[in-house]
Amino acid sequence: MIAAAFTAPSVAWTALAPVVVVLGAAVVGVLVEAFVPDRLRRTTQVALAIAATAGALVAVIALWGGVHRSGGTVVLGGSLLVDGPTLVLWATLALLGLLSVLVVADRTQTGEDSFAPLAAAVPGSEYEEQARRAGLAQTEVYPLTLFALGGMMVFPAAGDLLTLFVALEVLSLPLYLLSGMARRRRLLSQEASMKYFLLGAFASALLLFGIVLLYGYSGSIRYADITAATGTPGGTEGLLLVGTVLLFAGLLFKVGAVPFHMWTPDVYQGAPTPITGFMAACTKVAAFGAILRIVYAMLPGMAWDLGALLWIVAIATMVVGTVAGLVQNDVKRLLAYSSIAHAGFVLTGVVALHQRGITGVLFYLVAYGLATIGAFAIVSLVRERSGDSITGEATALSQWAGLGRSHPVLALTFTLFLLSFAGIPLTAGFMGKFAVFSAAVAGGAWPLALIGVLASAAAAFFYVRIIVLMFFTAAHEETAEAVVEDGAVAGGEGLPAAAPDELLTADVAAGGTATAVAVAPTLTERATATVVVRSEGFAAVAIAVCAVGTILLGVFPTPVLDLVDAVARFLQ
Amino acid sequence: MHLLTELVASASPVDGGSVSYASLLVGLPLASAAVLLLLGRRADRWGHWVGVLASGAAFLLGLVAFITVLGRPADQRVLDVKLGTWIDAGSFHLNAGLRVDPLSLTFVLLVTFVGTLIHVYSVAYMEHDVDRRRFFAYLNLFVAAMLLLVLADSYLLLFVGWEGVGLASYLLISFWNYRLDYAVAGKKAFVANRIGDLGLIIGMGMIFAKVGALDFTTVHAAAASGSKDTALWTGVGLMLLLAACGKSAQFPLQSWLGDAMAGPTPVSALIHAATMVTAGVYLVVRSNAIFDAAPTARLVVTIVGAISLLFGAIVGCAKDDIKKALAASTMSQIGYMILAAGLGPVGYAFAILHLVTHGFFKAGMFLGAGSVMHAMDDQTDMRFFGGLGRSMKITWLTFMAGALAIVGMFPFSGFFSKDPIIEAAFVPTDGQPWRAWLFGTVALLGAAITAFYIARLFFMTFEGTKRWTDKADGSHQHPHEAPALMTVPMIILAVGSVALGGILATGSRFTHWLEPSVGATDHAEPVIPAPVLIALSLLVVVIGVVIAWRRYAVAAVPTTPPLGTTLTRAARKDLYQDVVNDGVLVVPGQVLTRSLVYGDRALVDGAVSGLAKGTVASGDLARRPQTGYVRSYASTMLLGLVALVVVVLALQS
């Protein structure tokens with residue numbers, strides 16, 4: 001009888017194509033792990049991941065015209081809403097995902113990627129060393145990345161709270177795993193992963209509580225039903241309010257907004273740098289997409305209460321991100337605090353509660369995502385060198401001194417991303433800030449815009465500090481004393497350190513993996529120098545695309561703004 | 001007034017497709033300057049000839065444009081060349097364009113012709129300077145900026161050129177910036193010019209607030225029709241006058257010109273005598289529609305011109321430095337032009353005519369002075385010259401031509417350009433005869449004093465006994481004529497000093513030529529009949545020359561300046577202009593800046609560093625909860641959540 005009552009839902013597969021491509025590729029990726037021989041596996045996985053993200057991008061473009069005309073489609077009986085903002089976010093995610101995959105795939109010329117050769121091995125054990133020598137690689141990172149990306153794409157498109165929750169878990173779980181897979185400083189990485197998982201689980205629980213309360217209030221998990229319920233006053237507004245706050249707690253955790261931001265610096269620092277870039281950029285895009293939909297489409301009736309909540313969070317986020325960023329000494333932590341501050345800036349656009357806010361936020365996310373992936377990609381290339389072997393990333397700010405002289409192109413590109421973060425005109429970051437702040441003013445939230453401008457001014461200080469360090473400070477002797485935190489590569493140890501030019505020769509002999517920064521290691525200490533690794537070039541392509549995008553969006557923002565503006569209407 | 005309004009209507013601009021190459025006038029010297037500056041030392045050997053070529057090519061282009069415009073009927077001689085959209089900011093829309101009309105072409109020909117001659121002269125004059133290429137780059141930059149200034153079709157584009165010539169002038173005055181006093185002179189010019197620029201900026205702001213546009217066509221049409229807003233146009237006129245005073249060294253912004261003589265002599269000839277300093281006159285004449293709508297502003301223009309005329313002439317009588325005496329004379333002669341421009345339609349054309357002839361004879365005299373300095377081991381004190389006419393025949397003759405022109409002796413150029421100004425000054429303006437008597441007398445008196453100090457300068461330098469000092473290295477002076485590269489430009493300028501005025505003035509050729517730009521010249525009767533005036537002015541000139549001859553050619557000139565009268569002593573110190581500037585501007589300014597600096601240190605810096613310290617301290621504070629313990633992170637999240645719930649609930653109830 002049940003079988004007879006069951007009618008297969010009609011699924012608009014076309015509209016789902018981008019998500020299907022990404023998640024399908026992820027599933028295929030798992031099969032590749034099982035069936036493709038070892039030596040072809042990485043190549044296959046990289047090709048698959050690139051094809052999937054690029055395919056998703058193409059699919060989005062194919063859908064664009066239809067959605068532009070119709071305003072959007074309700075898919076899977078309302079579980080997914082494929083409307084204009086969804087497409088913009090999908091396109092952003094697919095593009096940023098593609099760039100992230102490029103950075104993830106990049107290896108040094110000696111074949112080392114950023115991930116542990118065998119994530120299950122105990123750090124520092126003989127087993128791990130064997131895996132390293134055998135040249136193993138965890139090619140599972142590619143399907144994991146694709147799964148996370150698929151979850152991120154579903155997240156802002158969700159039309160009901162349960163789908164939202166499932167998407168949240170689909171995007172989070174792979175990220176927890178990926179965070180713990182760094183090749184070097186593995187303990188730090190595993191600690192980050194654990195923290196992220198515990199706190200993420202906590203936030204998921206809060207979100208789930210919120211969903212329960214909202215269901216209790218409205219009797220439905222559909223956004224549209226909840227919207228309808230808020231229109232008719234009942235006696236249970238308390239459920240709605242507390243449920244909303246809990247729901248937002250879960251969402252704001254994902255964007256790293258105060259007071260749910262504490263995990264960000266630790267996790268960003270510990271995770272493998274390509275993954276840091278991926279989650280810093282793409283998770284924010286997905287989560288802000290979801291927040292936008294909920295604020296603008298699901299709970300417009302609660303603008304007043306939500307406004308107060310978001311005002312407080314936005315101000316606190318901007319202030320804490322900026323202020324704490326000022327005292328950081330580690331590039332990755334600094335970028336983490338910068339990403340917190342940026343979450344605050346984006347929130348001002350959300351709080352605007354003005355149509356221009358949607359466009360502004362969507363544009364901001366593209367600008368921020370490009371600069372973030374580019375910046376972290378560069379961080380992944382700047383390494384320490386001990387003896388004649390390249391070790392972990394040189395993330396201490398003091399190690400970046402003088403980089404502008406030894407590697408001007410890289411330093412200039414990094415400067416470009418920093419300027420974009422700081423919101424200097426002619427970069428995408430400026431147009432993004434301009435868009436959200438002007439939306440905030442248009443929506444009457446001018447004090448927020450004012451605080452935002454002040455915070456940007458203060459934040460510019462720590463970006464400029466790095467620029468000054470790179471270009472106007474000579475590489476310090478101190479750098480030579482920087483401690484190598486893990487012994488993943490111990491080749492340099494115990495060897496008598498040679499003069500820099502001899503080192504350079506040794507490098508060239510060893511495959512030209514590095515060029516030396518002029519730091520003279522002393523004979524008595526185990527010396528490290530800062531170098532930029534020569535890689536296979538995937539990251540360089542990604543950095544170049546990010547840089548060009550940052551400039552283009554800064555100089556000619558109008559076409560993109562118009563394009564986004566034309567479709568920035570949520571399907572009710 | 002009616003006549004002028006009609007003329008403005010009839011001479012409305014037509015499309016300048018036939019002179020579309022006008023942009024090259026600016027582009028060629030600019031490109032040359034860029035090449036010379038960018039190539040650096042590599043262009044040292046041939047760079048100066050590139051500079052000469054660029055300037056010469058601009059002159060040829062100007063000549064072609066002149067012939068083209070001359071071939072058109074008089075009411076179609078104002079051509080606008082569109083270059084494209086410059087600024088498109090909401091309600092403000094401005095096309096960049098060039099206006100090729102008789103007025104701008106007059107300037108183009110003057111600037112490029114005299115400019116090219118001075119370029120040639122400089123090739124020899126700067127031969128031993130290691131930075132000759134840089135010098136030519138700056139000269140070209142100046143020519144480009146000056147041409148942009150006169151060709152611009154809007155006040156904003158004019159302002160670009162205005163700042164450009166200011167920049168070039170500043171660079172060239174302090175060209176020998178290793179001498180501290182020269183660098184200071186450059187700075188002084190810079191500051192005085194900034195005050196004037198402020199006037200131009202405010203003027204533009206007022207125009208824009210009223211009219212909503214800055215291009216000449218719209219603004220002048222508005223001024224011609226909107227005579228009701230006399231107060232506004234008076235304000236605009238006064239601001240433009242302030243700008244003109246700064247650029248043209250008119251009272252009270254005259255103090256920089258004397259010090260600007262620190263620059264190389266060709267610079268003094270080109271920029272601080274023939275062209276740039278006359279930009280103020282150009283601005284006033286170009287804005288004739290505005291000044292016609294503001295009679296009070298025009299009266300102030302006349303007064304400023306009259307004061308500068310006398311001021312410069314008096315100072316010129318007392319200066320012993322040949323270049324400073326010439327600089328004072330420049331101020332005085334520009335005073336004539338400003339006076340004429342202030343007289344309105346009766347004087348615009350004469351102001352420009354005098355400007356052109358002055359460009360020739362003053363540039364010629366400066367080049368002569370440069371030639372003398374060249375021969376006398378860079379000596380500039382005329383008390384140590386004397387009798388040079390016998391050693392330097394060409395310089396002597398060309399200088400004489402210039403001197404006779406500037407005093408207004410018939411039939412030299414200056415007679416044909418200065419006499420109409422004196423005549424016009426004696427015409428009652430707005431039916432008020434006192435003005436005619438006042439300004440006419442000043443103009444006449446100025447002519448007398450001019451004759452005296454120019455003759456004094458000439459006699460002290462070229463006649464009388466030799467009072468030469470030894471050279472810096474101890475050897476005796478052997479003055480000799482300059483090389484041909486220097487004398488040929490001087491000769492050409494001398495020919496202009498002799499004949500140009502007569503050619504231009506015959507049959508009112510020049511005033512008719514300018515009519516499409518400045519309107520027709522009103523013919524009115526001066527309070528004293530014209531023939532009597534001519535006789536009078538020639539008479540005072542002769543008297544001035546004779547007095548100078550008796551004192552400086554017949555009598556021996558003492559090598560140490562005598563004490564002199566109070567007026568002489570005051571004139572030697574530029575009528576205490578620096579003391580006045582110090583007292584009125586510098587000292588209060590210093591007090592103000594010092595107290596501001598103090599306030600800045602105490603309050604602003606204190607606040608900023610306090611803020612920085614506070615921010616870093618709060619950064620530490622923000623870092624402190626970042627313990628690394630998951631349990632503390634989770635409790636922070638929970639606390640934050642509770643706080644948010646409380647806030648939302650509290651706001652709800």
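Every chain is numbered from 1, with letters handed out A, B, ... down the list of sequences.
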Discussion item. Heavy-atom cut-off 4.5 Å, strictly under: side chain, backbone, both or neither for A:Phe248 against chain B?
Written reply: neither

Fill in: side-chain contact (heavy atoms from CB on, under 4.5 Å) between A:Asp266 and B:Tyr633, intermediate numbers included
CA-CA 11 Å; A:Asp266 292 11; B:Tyr633 290 2; 2.5 Å; yes

Worksheet item: Considering all heavy atoms of both residues, which atom of B:Gly628 and which atom of A:Lys195 are nearest to each other, and what is their separation?
Response: O-CE, 2.8 Å

Worksheet item: Any idea which heavy atoms bring B:Gln626 and A:Met262 closest together, and the distance?
Response: NE2-O, 2.6 Å

Practice prompt. With a 4.5 angstrom heavy-atom cut-off, could you sort out which part of B:Val647 is near chain A: side chain, backbone, both or neither?
Written response: side chain

Item to complete: Quick one: pull up NE2 in A:His261 and CE in B:Met637 and give me the separation to the nearest 0.5 Å.
Response: 11.0 Å

Item to complete: Tell me, yes or no, whether the heavy-atom count around B:Phe159 atom CZ, taken from other residues, nucleotides or ligands under 6.0 Å, exceeds 12.
Response: yes

Worksheet entry | Which portion of A:Phe461 sits near chain B, non-hydrogen atoms under 4.5 angstrom | neither

Worksheet item: Measuring from A:Leu241:CG to B:Leu644:CG, what's the distance to the nearest 0.5 Å?
Response: 12.5 Å

Worksheet, complete the sentence: Separation between CZ (A:Phe209) and CG (B:Leu641), nearest 0.5 Å, reads 11.0 Å

Practice prompt. Under 4.5 Å heavy-atom distance to chain B, tell me which part of A:Leu206 shows up: side chain, backbone, both or neither.
Written response: side chain

Response to the item:
What one should report as the nearest heavy-atom pair of A:Pro259 and B:Gly640 is CG-CA, 3.5 Å

Worksheet item: CE of B:Met206: more than 12 outside heavy atoms within 6.0 angstrom?
Response: yes

Discussion item. Is A:Val319 in contact with chain B via its backbone, its side chain, both, or neither, using a 4.5 Å heavy-atom distance?
Written reply: neither

Worksheet item: What residue, out of A:Val258, A:Thr322, A:Leu309, A:Leu252, has the most heavy-atom pairs lying under 4.5 Å from chain B?
Response: A:Leu309

